[in-house]
Amino acid sequence: MTQTTERTRIERYDPATIEPRWQARWAELGAYHTDLHDDSRPKFYLLTMYPYPSGDLHIGHWYIKTPTDAIARYRRMHGLNVFLPIGFDAFGLPAENAAIKSGQHPRPWTMANIETMRRQLRSMGATFDWASEVVTADPSYYRWNQWLFLRFLEAGLAYRAMSPVDWCPNDGTLAREQVEGVDRRCWRCGAKVEKRDLEQWFLRTTRYADELLRFDGIDWPEPIRVQQTNWIGRSEGGEIVFPTAPSDHHPGGDQIRVFTTRPDTLFGATFMVLAPEHPLVAKLTAPDRRAEVDAYVARARDKTDIERLSVDRDKSGVPIGADAINPVNDERIPIFVGDYVLATYGTGAIMAVPAHDERDYEFAMKFRLPVRRVVAAEGTDDEAAVDGAYVAHTTGERLVNSGPYSGLPADEGGRAILASLAERGLGRPSVTYRLRDWLISRQRYWGTPIPVIYCPSDGIVPVPDDQLPVLLPDTVDYRGRGDNPLRHDPAFLETTCPKCGGPAQRETDTLDTFIDSSWYWYRYLSANKDDGPVDRAMTDRWTPVDQYTGGAEHAVMHLLYSRFFTKAMRDIGLIGEDEPFKRLFNQGQILGADGERMSKSRGNVQDPDELVRRYGADTVRLFLMFMGPWDQGGPWNERGIGGVNRFLHRVWTLAMDAHGTEPGDPDAGRLPGGEDEAAAEAAIRAAAHRTLRVVTADYEAFHWNTMVARLMELTNTLFHYRGTSVAGGPAWDEAIRLLLLMLAPAAPHVTEELWARRLEATSDPWVSIHEQSWPEVDEAAAAEETREVPIQVNGKLRDKVTVPVAIEPAELERLALAQPRVAALLAGRTPERVVNAGGRLVNIVVRD
RNA sequence: GGGCGAGUGGCGGAAUGGCAGACGCGCCGGCCUUAGGAGCCGGUGCCGCGAAAGUGGCAUAGGAGUUCGAGUCUCCUCUCGCCCACCA
């Protein structure tokens, strides 16, 4: 009883009406407001990096957020109480730059952008819990930044120290990217940028260096762990004291401390190099060297970091006209100042061992300094000329030219040398990190004011808790100057000392915006709490975050700061966790069509609104998932979105019109392949349940692209049965039901619509598809009875044979050999070997 | 310079050491249409031979190796991307 339905009679799939309607309905029902107190179900804290309100949501935001929403919906279907919050990283330089340019205050600019982005985020159909929204530029949020800062100050985790900044005489402190060109000009006024030392605030991240190197109990991608590990850069070695030698201008006896990872090479130290900023440079420099040394130090200060740190650059330096004494052999060695030594690493001074360090070797060659081999690989002639630095670590290395230590294996000799220096108080084992303390001061307006007051009599005075928040004034004047307007706002600046009541001034620096993002997920759990930053009962219940999604570009900044904050907050007693994010996934980045990073200035930003208007949110969501592996990203290319849209139309057709046929199909209405109805129903059930099996695995692994492909395959299969005698029957109906359930987390609107219509057709009361349980595979239905086994001869595919799944291996091999094509190729030869790969493949090996 | 990742059809991509190219785009053919930039059905890695059904060879950046069997594992080379870049 095949019915032919004219296509025009079927209501068309029209996302433009369906999607807004369901979004409104979900909001009205409060469907995605998470009851954080519900402990009847296991919790699942799903976090996605909150966006910066730059003005427009672009397709990259969709790329991370819509699959994350699919995870949320999928987990809910497994009975979990899922919390998926959203907020805005609302402080920061772009708002301030826009404000300077337009004369408009950053707050209205930011708030207008947030309003736009809220609407755009809602258009995704994502299940964000807006009730927990956090906006970091709001005093109810940044107040707690201040409060946390004060606790860190009390705990000795925050401190103040001098540090150089890039300084423009007109515009004040500049960020690194605001210094342009090799001659270092200000991006706004073109003035020459200089370095200036300012007192600034730091957080003592280095206190947690060792703990941050451990990733216990968290499941993070290997590349991120490696990057963080390298960033922290733990080096074990020794700190060794080189006393200065007496000379005409100097009595000697100053101690130059160096850090080395190679105490075994100490006898090879033939000179020393101090960083230009090293405090002893001025003191030790001989009068006749002073002019040249001062000039060199001044030049080094003016160089860009990039110039100074460039590996390709020639080594530079000047002798300071003083010597040091090598503590192991009392040899006098000359001291240089050179900018290849960094003031900020180790002790800012090195012992130079040109025979065993490439940089020192290069320097020695340039200045014709002696090179002495002290470590030799097995079989090397001790006295052979040294040609380049030997830095390798091999077994069998031994010390040479090293006094009493000569002949010892290098590692053992190194330990002995260090031990002997330690006895004389001239050395000790030491560990150094590349990780620096976190400079959190910004000489900027649009951020959290640092809550301290400078009093002429009491010095640095923390703002008392009951005077928080220190509000960022909204009335400051932007026009005219680029530096921090707080410095010119007497109403903000002038205050009274909380201790003595005398006149005092506020700190005008603001906090780095990475502070905001270092704890925002704790705040989501009690976004409106006004007597503390976090609710311990809530954080105990909900954290650590079960799954975090976001870009890998945050590997060593945000993701490391967040780990630091968690440990610091734990030690202050605010939370009980060691790590913030149990599992991390880094999706790839969507680039512009030109392969470049999307940005307004490049004009390659892809606007999702237009795509949503053309195809609907479900298509855009699905297309982004279908493009390729989620962790890969790639250049944006719209080609192919039509295919995904067509797929949803086909799903619609299957669900709405089982009995329809298409005039273009010559086999329309007939069961495929001569199947009878029983075989057809079995085939439909098998297809549906096998799809369910692989699709479930794909959801678990975030393999969206193959998940969509499997559903397309199932849809194609079902189309072959559409309009036949089994269409609309029980097997068909089950397959449609499974198809909709499997698609629901990814394409929530169209599946909700079709689900509602199914319920309506059977007069059942409406229940959201998103409240259904994830279906279970019927293994019996999915099981296969026969299998096609490829047969290879010498590894080349030659034939295939269809056999019962349970076939005996011997029988399979017999069948394989009996295939006419195989037999012809064997030409009477006896196989040397028959490989039976678990019944999945047979390979017959025969010698020529 | 170091670290990490990746090189597969015209394109995006798929493939627990076991049929390379699933799925989609594009393209070709057909159906249906007054029409088609809609819909449906079928075909489509490359090179031979063949009228065709077929059939043989070559193919996962290049080269070697391990294996009955390699896109997948090992080594070398090349190219691209990202991150870090004189960290003693």
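Residue numbers begin at 1 in each chain, while the letters A, B, ... track the order of the sequences.
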- Whole-Å C1' distance, B:rG69 and B:rG18: 7 Å

- Task: Quick one: label A:H720 by what it contacts on the DNA or RNA (base, sugar-phosphate, nothing), any heavy atom closer than 4.0 Å.
- Result: sugar-phosphate

- Query: B:rA15 and B:rG71: how far apart are their P atoms, nearest whole angstrom?
  - Reply: 15 Å

- Query: What is the distance from CZ of A:R798 to C1' of B:rG18, rounded to the nearest Å?
  - Reply: 16 Å

- Given the 90°-from-0 boundary between syn and anti, B:rG9 should be labelled syn

- Task: Apply side chain to side chain donor-acceptor pair (under 3.5 Å) to A:R650 and A:N716, showing your working.
- Result: CA-CA 9 Å; A:R650 283 162 71 84; A:N716 292 343; 3.0 Å; yes

- Query: Checking all strands, does A:R436 fall into the base, sugar-phosphate, or nothing category for heavy-atom contacts under 4.0 angstrom?
  - Reply: base

- Task: Determine the interatomic distance between C1' on B:rC25 and the same-named atom on B:rG81; round to the nearest Å.
- Result: 24 Å

- Message: On the nucleotide B:rU67, are OP1 or OP2 found under 4.0 Å from the side-chain N or O atoms that A:R833 carries?
- Response: no

- Between the side chains of A:Y721 and A:E675, does any donor sit under 3.5 Å from an acceptor? yes

- Compute whether any side-chain donor of one residue and acceptor of the other, for A:R563 and A:Q228, lie under 3.5 angstrom apart. yes

- By nearest nucleotide on RNA chain B, pick out whichever of A:I641 and A:G664 is the more 5' one. A:I641

- Expressed as a whole number of Å, how far does the P atom of B:rG2 sit from that of B:rU77? 11 Å

- Message: Please give the distance between the P atoms of B:rC76 and B:rC27 as a whole number of Å.
- Response: 45 Å

- Would you say B:rG24 has OP1 or OP2 under 4.0 Å from some side-chain N or O of A:R646? no

- Task: Write down the distance separating the P atoms in B:rA14 and B:rA6, rounded off to the nearest Å.
- Result: 12 Å

- Query: Taking only side-chain nitrogens and oxygens of A:T653, does any of them come within less than 4.0 Å of OP1 or OP2 of B:rG39?
  - Reply: no

- Pick base, sugar-phosphate or nothing for A:G643, based on heavy-atom distances below 4.0 Å to the nucleic acid. sugar-phosphate

- With rounding to whole Å, what would you report as the distance between B:rC23 and B:rG9 at their C1' atoms? 14 Å

- Task: Using a heavy-atom cut-off of under 4.0 Å over every strand shown, decide if A:N705 touches base, sugar-phosphate, or nothing.
- Result: sugar-phosphate

- For A:R650 and B:rC40, is the shortest distance between a side-chain N/O and OP1 or OP2 below 4.0 Å? yes

- Message: Categorize A:R225 for me: base, sugar-phosphate, or nothing, with a 4.0 angstrom heavy-atom threshold over every strand shown.
- Response: nothing

- Item | Nearest-angstrom distance from the residue atom CD of A:E832 to P of B:rC68 | 10 Å

- Specify the separation, in whole Å, of atom CG of A:L648 and atom P of B:rA38. 17 Å

- Which part of the nucleic acid, if any, lies within reach of A:T344 when heavy atoms closer than 4.0 Å are counted: base, sugar-phosphate only, or nothing? nothing

- Between A:D360 and A:K315, does at least one N-O distance fall below 4.0 Å, as a salt bridge requires? no

- To the nearest 0.5 Å, atom CD1 of A:I844 lies from atom CZ of A:R829 at 11.5 Å

- Item | With A:E610, the side-chain hydrogen bond (donor to acceptor under 3.5 Å, both in side chains) member among A:Q606, A:R614, A:R613 | A:R614

- Query: Within a radius of less than 6.0 Å around CD of A:E832, do more than 12 heavy atoms belonging to other residues, nucleotides or ligands occur?
  - Reply: yes

- Counting just side-chain N and O atoms, does A:Q227 come under 4.0 Å of either OP1 or OP2 of B:rC84? no

- Query: Reckon A:N716 has a side-chain N or O less than 4.0 Å from the OP1 or OP2 of B:rC41?
  - Reply: no

- Rounded interatomic separation in angstrom, taking CH2 from A:W636 and C1' from B:rC25: 13 Å

- Indicate whether OP1 or OP2 belonging to B:rC40 is found under 4.0 Å from a side-chain N or O atom of A:R722. no

- Task: Could you check how far CG of A:L841 sits from P of B:rG17, rounded to whole Å?
- Result: 15 Å

- Task: With P as the reference atom in both, quote the distance from B:rU60 to B:rG21 in angstrom, rounded to an integer.
- Result: 14 Å

- Determine the contact category for A:K796: base if any of its heavy atoms lies under 4.0 Å from a base atom, sugar-phosphate if only primed atoms, P, OP1 or OP2 are that close, otherwise nothing. sugar-phosphate

- Query: Using a cut-off of 4.0 Å on non-hydrogen atoms, how would the nucleic acid contact of A:E222 be classed: base, sugar-phosphate, or nothing?
  - Reply: nothing

